[in-house]
Amino acid sequence: MQRSPPDARRVDTPPSRPSASGAVYLVGAGPGDPELLTLRAFRLIQLADVALYDHLVSKAVLDLLPATATRIYVGKERDNHTLPQEQINQMLVRLAREGKRVVRLKGGDPFLFGRGGEEIDTLSAEGVPFEIVPGITAALGVASYAGIPLTHRDHSQACVFVTGHLKNGSMDLDWPALARPRQTIVVYMGLLGLPALCAGLIEHGLSPDTPAAIVQQGTTSEQRVVTGTLQTLAQRVADAMLTPPTLIIVGEVVRLRERLNWFRPGEERPPVAPRLPVASLPDR
Ligand code: SAH
């Protein structure tokens, strides 16, 4: 296989103090539980000079930042963008040019419904060194902690991730592609549109009895799960007064939760290994 020529903008060396020149690390912070960070994310967080984060990044992850790191909240709750995207992009450029090691923390994975591409587009255009650290996306973290295997060969052979964000009050989805048998559907940002989602899937051929679940603040001590069917879920969610962030999972695999549910929110879990000292992690 032919290797591509080296790119001057790539960050080839592992970060070490003090930084000669700044860089931006677009880091996936996972769905909430700090134990789900990658080692790379954990190490970079501990070496950050500045961290920009939005509302999905859990407090437990922010607590891993050094006391000396500057924390900048850049918002991004639905329809309430504290800082417009363009200003975030420019801030990243400015801070890196000041020589700072900038950690841009994004909930889940930066490239899944996270606008990570837009942020690094600006960095790339401006010649600022950057690196992307993948994170556990909400679908994977939440499904595991809710005891729902997204594919299980007896029930599902495909899984699709979609956004249920409402545009002008309706959901712009490829309904025939979604309403297929033996497929699991994971919907991000779908709480407001849940009634429309369930109605649309039934209208396009899924049985009203198809199992469905919604998980609020998955992987955290606040996790709540409501299950039902396409017919019953919307009412149950209204009764339970769930609030974002929530993730919706539709498909026969949801039934497996009855047997596979293992996570007890709020209950202390014993650590499986002693904490790794950051300095002794192998360099790449
Ligand atoms: N980049 C993120 C997704 C950003 S979109 C990722 O990869 O996970 C924001 C949506 O993600 C929320 O509206 C919600 O649907 C989902 N989400 C993120 N964290 C979640 C959590 N802990 N529990 C439930 N849903 C979550």
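Atoms within a ligand are numbered from 1 in the order they appear, just like the ligands themselves.
Identified under the ring pair (Phe, Tyr, Trp, His ring centres under 6.0 Å) test for residues 104-125, with sequence neighbours left out: Phe113-Tyr188. Residue pairs meeting the side-chain hydrogen bond (donor to acceptor under 3.5 Å, both in side chains) criterion with at least one partner in residues 224-236, sequence neighbours excluded, are Thr229-Thr232, Gln235-Asp239.
Closest approach of Lys167 and Asp172 over heavy atoms only: NZ-OD2, 4.2 Å.
Between Tyr73 and Tyr53, a ring centre-to-centre spacing shorter than 6.0 Å is recorded.
Taking the side-chain hydrogen bond (donor to acceptor under 3.5 Å, both in side chains) definition, one finds that Thr122 meets it with Asn89, sequence neighbours left out.
At least one donor-acceptor pair closer than 3.5 Å links the side chain of Gln183 to the backbone N or O of Leu178.
Protein residues are said to neighbour a ligand when one of their heavy atoms lies under 4.0 Å from it; for ligand 1 these are Pro31, Leu56, Gly107, Gly108, Asp109, Leu112, Phe113, Thr137, Ala138, Val142, Tyr188, Met189, Val215, Gln217, Gly218, Pro245, Thr246, Leu247.
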